[in-house]
Participant: 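Structure in structure tokens, see below.
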Amino acid sequence: MMPYHRPRSLADALALRAATGALPLAGGTDIHPLRTARAAWGEPWRTPILDLSAVPGLDGITETAEGWRIGARTTWTTIAETSLPPLFDGLRAAAREVGGRQVQNRGTIAGNLVTASPAGDGIPNLLALDASVELSATTGTRRMPVADFITGYRATALAPGEIVTALHIPRDDGARGRFVKLGARRYLVISIAMAAAVLRSEDGRIAQARIAIGACSPVAQRLPELEAALRDVELARAATVPRAAHLATLAPISDIRASTEYRQNAALALLRDLLAGFAA
Ligand SMILES: Cc1cc2nc3c(=O)[nH]c(=O)nc-3n(C[C@H](O)[C@H](O)[C@H](O)COP(=O)(O)OP(=O)(O)OC[C@H]3O[C@@H](n4cnc5c(N)ncnc54)[C@H](O)[C@@H]3O)c2cc1C
């Protein structure tokens, strides 16, 4: 039998995490399929579980002095249904595309981030939002940019005694977000490529753009050269700016969903669609 803990306070959760190294469980939509797949190959699951469902203070989105705090256990449904400024339009669009309704009702933003899949729909949005992650342990709390938190393919900087307690999104008045995802079909699909952007325009020109691409490299990436090329461009012309050279840092794989070349072309087409949508 695997040990299963369900603490009722954050202090107890952190103490258990430090003492036992138990694996945090939020919605379980990544953990349970993994556990089942392993069992099917005759590998019983022995990792102790730290169920976070009874820990208060990890749910929901609140406005703070510097921006917004999204509790780690906030589900995709809550993100999609909370009234938020246009800055969050990309993240909310992603929330409506993660799996189907059942997955959105259970799956959480922190679970998506910690899984750190290249195809995690939340991650390019968090990069474009300049989000930082709040990590708590019995020894204290630290924050780091999401860009530093994901250290590689399905790898993060989460330390053994830590739990993600929140994500923080800085205020960016007047900015709007967008997200586009390409899969083999419209719904219930793992991304072949996806693009997220947060863009602020003044007098019809782009004042600032933050753009990230997912599923085209081991870790979703911002595109700083494209972001620089977009500065001061008329919004109506933004979709003409992306070039193949702006995607040089990506390294898309070939797999059953798409070839390297298809992903490269798809990423460029998605970027143009994404930017055209801001002008529309
Ligand atoms: C049918 C199906 C369809 C899916 N479709 C998509 C899709 O379209 N796009 C997509 O991006 N994903 C998809 N997923 C994957 C999954 O639903 C998401 O990644 C989801 O956001 C995971 O959240 P969770 O709360 O269920 O994570 P869990 O399974 O509970 O945990 C996932 C990982 O995060 C860790 N973790 C969770 N919370 C914390 C915390 N607070 N602190 C530290 N570590 C934590 C866990 O230990 C584990 O390593 C799909 C899954 C299924 C089953």
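Remember, it's 1-based here, ligands and their atoms both numbered in the order they're listed.
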Participant: Among Arg142, His168, Arg143, which one satisfies side chain to side chain donor-acceptor pair (under 3.5 Å) with Glu134?
Facilitator: His168
Participant: Please check whether Ile109 reaches ligand 1 - meaning an N/O of the residue sits under 3.5 Å from an N/O of the ligand, judged on distance alone.
Facilitator: no
Participant: Flag Ala72 as yes when one of its N or O atoms lies below 3.5 Å from any N or O atom of ligand 1, and as no otherwise.
Facilitator: no
Participant: For ligand 1, which atoms sit closer than 4.0 Å to a heavy atom of Glu97?
Facilitator: 8 (O)
Participant: Which atoms of ligand 1 are found less than 4.0 Å from any heavy atom of Thr115?
Facilitator: 32 (C), 33 (C)
Participant: So, are Arg222 and Glu227 salt-bridged, with charged N and O less than 4.0 Å apart?
Facilitator: yes
Participant: When you compare ligand 1 with Val164, is there at least one nitrogen or oxygen pair between them that comes in under 3.5 angstrom?
Facilitator: yes
Participant: Quick one: does Val98 get an N or O within less than 3.5 Å of an N or O on ligand 1?
Facilitator: no
Participant: Just heavy atoms, cut-off under 4.0 Å: does Val103 contact ligand 1 by side chain, backbone, both, or neither?
Facilitator: side chain
Participant: Gly120 versus ligand 1: do any nitrogen or oxygen atoms come within less than 3.5 Å of each other?
Facilitator: no
Participant: Of all the atoms in ligand 1, which lie at a distance below 4.0 Å from a heavy atom belonging to Leu52?
Facilitator: 40 (C), 41 (N)
Participant: Does ligand 1 have any atom that is closer than 4.0 Å to a heavy atom of Ala94?
Facilitator: no
Participant: Less than 3.5 Å between some nitrogen or oxygen of Gly99 and one of ligand 1, yes or no?
Facilitator: yes
Participant: Looking only at N/O atoms, are Glu162 and ligand 1 under 3.5 Å apart anywhere?
Facilitator: no
Participant: Looking only at distance, does Gly28 have an N or O less than 3.5 Å from an N or O of ligand 1?
Facilitator: yes
Participant: Could you establish whether Gln102 and ligand 1 come within less than 4.0 Å of each other, counting only heavy atoms on the residue side?
Facilitator: no
Participant: With salt bridge (Lys or Arg N to Asp or Glu O under 4.0 Å) as the criterion, how do Arg178 and Asp89 come out once you've worked through the C-alpha distance, each side chain's angles and the decisive distance to 0.1 Å?
Facilitator: CA-CA 6 Å; Arg178 286 201 83 227; Asp89 284 358; over 6 Å; no
